[in-house]
Amino acid sequence: MLDPKIIRDQSDWVRQQLTHRHYPVQYLDAYLNADVVWRDRLQDVDALKNERNRLTPKSKPTPEQQASLKQLSDTIKSKQDELSVLEESVKKAALLLPNIPHESVPIGESEDDNIEIKRVGDPRIFSFEPAPHEAIAVSRQLIDFDSAAKIAGSRFSVYKGSGAKLERALINLMLDIHTQDHGYTEFIPPVVINSASLQGTGQLPKFEGDLFKLEGTDYWLSPTAEVQLTNLARDTIIDEDNLPIRMTAQTACFRKEAGSYGKDISGIIRQHQFNKIELVQLCHPDQSMAQLHELLGHAERVLQVLKLPYRVIQLCTGDIGFSSGITFDIEVWFPSQNTYREISSCSNFFDFQARRSMIRYRDKLSSKVNYLHTINGSGLAVGRTLAAILENYQRDDGSVDVPEALIPYMKSELL
RNA sequence: GGAGAGAUGGCUGAGUGGCCGAAAGCGGCGGUUUGCUAAACCGUUGUACGGAUGCAAAUCCGUACCGGGGGUUCGAAUCCCCCUCUCUCCGCCA
């Protein structure tokens, strides 16, 4: 949710910023028009209510007073009904407005205009043709795609034996890094969540089609623990002294991946269910940009520990997500595809989610409340990390070296 | 699944039709006292939305808000209905 005052007072600027992210501007105009009408009527109704409050006596009124007040009340009631409809439409329109990109975000049309910030680690030179991760996973009996298709469907996977253990080892390694070295508190939240939570972080109402819904209920399967962790703070006021609040969770994430037909159909890059370690921070507004870069470093650290080559890119205005004000993606090297693939996305939402979710902090000096900033990132997507390990650590005999950092968790050196 | 109790401000907790935006306490903020800290004492302290003034910090005006929604009434935290959630007991169960 954007600050209504900014939309009104600087509508031309807002219009331009939203154009940069290909936002259909007629939605903004719809909002502005609804807002004007609503405020106009609001003043009328408030004036009538004021009259009623002034005229209503403190004790039992005369019959004549009662009669005229009754008439006034009835008038208010019907005008209030009209006003409520208008207010509802303003709120609905406001929920469809995306975040305004931060001024430092490069203007661009699509992912082709994203900017590479840096590359870390040199891709290994192979003396043989590197196999794709799914071939390795199948031949080493780490993942059983056929069984997954049988018990669920396509875009699911069954991890087995060392494959399941590797997934678990990665989860433990990542959570240990973030809780022990980076100061995050670990959570295990529900993966079944309600629509208020999804509206709070911005998945609803606009992206209903990307989500699994439990039939006949208000329950959904969470697409990311960002939703659960951020909503832990919904409708709360946090003392400034307690900021930043750092939360992490490993959860299964569920996405319909509608509209991605033909994309990444083999392997575990794009699944309906996948594990992800999420990092969420609640920040003081003055600190959020610095914290975002720190959080990005927390995610990078996992790849450094695993000695996987990666790069960091900054998303352009045409590619950042609906709720995000600025996003950096981390992409890990996939030798079989000769390319980097997304493994983490780190964003600053500024006060966008905090406004939707009513997450505020109390300023120490003024003791006023104000919206805080939310930032989050993956740290990391577990399945994609596992896939990257299979590819980057494969040997010419088809086996896979266990990365040094995982040996204590795996208690073996070879897959 | 059955029976009962409850939901009030940052927190605890009074309040059964008008004197209630709401007692009291805690916490917060300001002050007095003090070498400093603590204690004590005094004062102050809700949020959202709209409007006005101001460069702004802010100030003033209005409206609403006692879990959510609807109803009764001239007037609702208070009475009625529906929903959600929490707690207790019973049943069932990983």
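Note on naming: letters A, B, ... go to the chains in the order of the sequence lines (proteins, then strands), and numbering restarts at 1 for each one.
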Span that lies between the P atom of B:C81 and that of B:A5, in whole angstrom
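These two P atoms come out 13 Å apart once rounded.
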Could you give the distance separating B:U84 and B:G21 at their C1' atoms, to the nearest angstrom?
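One C1' to the other, the span is 25 Å.
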Are the charged groups of A:E331 and A:R341 less than 4.0 angstrom apart, N to O?
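No, A:E331 and A:R341 are not salt-bridged.
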Base-paired stems that RNA chain B participates in, counting runs of 3 or more Watson-Crick or G-U pairs under 3.5 Å:
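Stem list for RNA chain B: B:1-7 with B:84-90, B:10-12 with B:24-26, B:27-32 with B:40-45, B:46-53 with B:58-65, B:67-71 with B:79-83.
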Check every nucleotide of RNA chain B for an atom under 4.0 Å from a heavy-atom of chain A, then give the first and the last such nucleotide from 5' to 3'.
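Under 4.0 Å from chain A, the extent on RNA chain B is B:G10 to B:G75.
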What are the two closest heavy atoms between A:A233 and A:I359, and how far apart are they?
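The pair with the smallest heavy-atom distance is O-CG1, 3.5 Å.
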Got a sec, which pairs hit salt bridge (charged side-chain N to carboxylate O under 4.0 Å, His left out) with one end in residues 79-90 of chain A, sequence neighbours left out?
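Sorted result for residues 79-90 of chain A: A:R41-A:E82, A:E87-A:K91.
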What does A:D239 touch in the nucleic acid at a heavy-atom separation under 4.0 angstrom: a base, only the sugar-phosphate, or nothing?
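It contacts nothing in the nucleic acid.
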Using a 4.0 Å heavy-atom cut-off across all strands, classify A:S73 as base, sugar-phosphate, or nothing.
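A:S73: backbone/sugar contact only, no base atoms under 4.0 Å.
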According to the interplanar angle, ranging from 0 to 90°, do the rings of A:F350 and A:H102 count as parallel (below 30°), tilted (30 to 60°) or perpendicular (above 60°)?
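Geometry flag for A:H102 against A:F350: parallel rings.
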A:F334 vs A:H133 aromatic rings, parallel, tilted or perpendicular, using cut-offs 30° and 60°?
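The rings of A:F334 and A:H133 stand perpendicular, inter-plane angle above 60°.
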Side-chain donor or acceptor of A:N392 paired with backbone N/O of A:P309 under 3.5 Å:
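A pair under 3.5 Å: no.
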Counting neighbours of CD on A:E186 that are heavy atoms of other residues, nucleotides or ligands and sit closer than 6.0 Å, is the number greater than 12?
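Buried by this count: over 12 neighbours within 6.0 Å.
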